[in-house]
Amino acid sequence: MALNIINDLSAQKCVACEGGVAPLDREEATILLKQVPEWKLSLDGKSIKKNYTLKNFMEIIHFVNKVAEIAESEGHHPDLHIADYRNLEIDLSTHAIGGLSQNDFIMAAKIDKLS
């Protein structure tokens with residue numbers, strides 16, 4: 001898969017992925033991770049994650065709503081996990097291909113601009 005490396009991933013737009021393309025390999029994911037350094041690659045290399053701890057439940061909900069707005073506008077939706085009323089884990093992968101695509105890193109960069 002050819003990577004479109006631009007210094008600011010948050011300036012890019014997610015491209016619809018209906019499957020039929022190979023997910024990024026670990027080397028490609030590692031290159032893109034340099035642009036979203038607070039995100040961590042999963043052990044199997046199929047997703048990236050970031051954890052947040054905010055002040056209280058309502059701050060988490062407010063933040064989740066902002067993430068949801070970005071996800072809807074990009075047509076690329078993360079898995080969101082709230083635990084212990086103020087902890088949030090965001091998990092990004094491209095379900096249609098069973099792994100990572102550049103869209104996941106674009107979303108991560110856009111989410112990073114929220115915090």
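Side chains included, hydrogens not; waters and symmetry mates left out as well; all remaining heavy atoms used. This one's a predicted model, so the numbers in the text were calculated from it and none came from an experiment.
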Trainee: Report the residues that fulfil salt bridge (charged side-chain N to carboxylate O under 4.0 Å, His left out) with Lys50, sequence neighbours left out, ordered by chain and then residue number.
Mentor: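 Here the qualifying residues are Glu38, Asp112.
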Trainee: Quick one: side chain to side chain contact (heavy atoms under 4.5 Å, CB included) partners of Asp44, sequence neighbours excluded?
Mentor: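 Only Ser42, Lys46 meet the side chain to side chain contact (heavy atoms under 4.5 Å, CB included) criterion with Asp44.
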Trainee: With rounding to the nearest 0.5 angstrom, report the CG to CD1 distance, Leu24 to Ile97.
Mentor: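 It is 6.5 Å, given to the nearest 0.5 Å.
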Trainee: Determine which pairs satisfy ring-ring contact (aromatic ring centres under 6.0 Å, His included) with at least one residue from residues 15-71, sequence neighbours left out, and list them in order.
Mentor: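 As it turns out, the ring-ring contact (aromatic ring centres under 6.0 Å, His included) pairs with a partner in residues 15-71, which skip direct neighbours, are Tyr52-Phe63.
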Trainee: Any idea which heavy atoms bring Pro78 and Val67 closest together, and the distance?
Mentor: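 Minimum heavy-atom contact is CG-CG1, 3.9 Å.
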Trainee: To the nearest 0.5 angstrom, please state how far the CE atom of Met58 sits from the CG atom of Asn65.
Mentor: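 Reported to 0.5 Å precision, the distance equals 8.5 Å.
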Trainee: Atom NZ of Lys113 and atom OG of Ser10: how far apart are they, to the nearest 0.5 Å?
Mentor: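 Those atoms lie 3.5 Å apart.
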Trainee: Can Gln102 and Glu28 be counted as having a side-chain donor-acceptor contact under 3.5 angstrom?
Mentor: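 Side-chain D/A pair, Gln102 to Glu28: absent.
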Trainee: Quick check: do Ile70 and Leu114 have side-chain heavy atoms less than 4.5 Å from each other?
Mentor: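 Counting from C-beta outward, Ile70 and Leu114 do come under 4.5 Å.
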Trainee: Hey, any chance Val15 and Val36 share a hydrophobic cluster, counting ILVMFWY side chains that come within less than 4.5 Å of each other, even indirectly?
Mentor: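 Val15 and Val36: separate clusters.
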Trainee: Tell me which pairs pass salt bridge (charged side-chain N to carboxylate O under 4.0 Å, His left out) where either residue lies in residues 52-73, with sequence neighbours left out.
Mentor: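 Sorted pair list comes back empty.
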Trainee: Which residue pairs pass the ring-ring contact (aromatic ring centres under 6.0 Å, His included) test when at least one of the two sits in residues 10-38, sequence neighbours left out?
Mentor: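 Qualifying pairs, neighbours excluded: none.
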Trainee: Could you name each residue pair satisfying ring-ring contact (aromatic ring centres under 6.0 Å, His included) that touches residues 85-115, not counting sequence neighbours?
Mentor: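 Sorted result for residues 85-115: empty, none.
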Trainee: When you measure from the side chain of Arg86 to the backbone of Leu54, do you find a donor-acceptor pair of N or O atoms at a distance under 3.5 Å?
Mentor: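 Yes, Arg86 side chain to Leu54 backbone: donor-acceptor pair under 3.5 Å.
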Trainee: Do you know the tightest heavy-atom contact between Leu92 and Met107?
Mentor: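 Minimum heavy-atom contact is CD2-CB, 3.9 Å.
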Trainee: Who are the side-chain hydrogen bond (donor to acceptor under 3.5 Å, both in side chains) partners of Asp91, not counting sequence neighbours?
Mentor: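 Asp91 satisfies side-chain hydrogen bond (donor to acceptor under 3.5 Å, both in side chains) with Ser47 once adjacent residues are dropped.
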Trainee: Verify, without hydrogens or angle tests, whether Lys110 (side chain) and Lys13 (backbone) share a donor-acceptor contact under 3.5 angstrom.
Mentor: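 No, because the side chain of Lys110 does not come within donor-acceptor range (under 3.5 Å) of the backbone of Lys13.
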Trainee: List the atom of Gly45, the atom of Leu100, and the distance in Å for their closest heavy-atom pair.
Mentor: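 Heavy atoms of Gly45 and Leu100 come nearest at O-CD1, 3.5 Å.
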Trainee: With Ile90, which of Val64, Ile48, Asn51, Ile111 fulfils side-chain contact (heavy atoms from CB on, under 4.5 Å)?
Mentor: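 When side-chain contact (heavy atoms from CB on, under 4.5 Å) is applied between Ile90 and each of Val64, Ile48, Asn51, Ile111, only Ile111 qualifies.
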Trainee: If you look at every heavy atom in His81 and Asp79, which pair is closest and at what distance?
Mentor: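 In terms of heavy atoms, the two residues are closest at NE2-CB, 3.6 Å.
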Trainee: If only atom types and distance count, is the side chain of Asp84 paired as donor or acceptor with the main-chain N or O of Asn87 below 3.5 Å?
Mentor: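 No, the answer is negative, given that no donor and acceptor are paired below the 3.5 Å cut-off.
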Trainee: Atom CG of Leu33 and atom CZ of Arg26: how far apart are they, to the nearest 0.5 Å?
Mentor: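 Rounded to the nearest 0.5 Å, the CG-CZ separation comes out at 9.5 Å.
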Trainee: The criterion is side-chain hydrogen bond (donor to acceptor under 3.5 Å, both in side chains); which residues satisfy it with Asp104, sequence neighbours excluded?
Mentor: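 Residues passing side-chain hydrogen bond (donor to acceptor under 3.5 Å, both in side chains) with Asp104: His76, Thr94.
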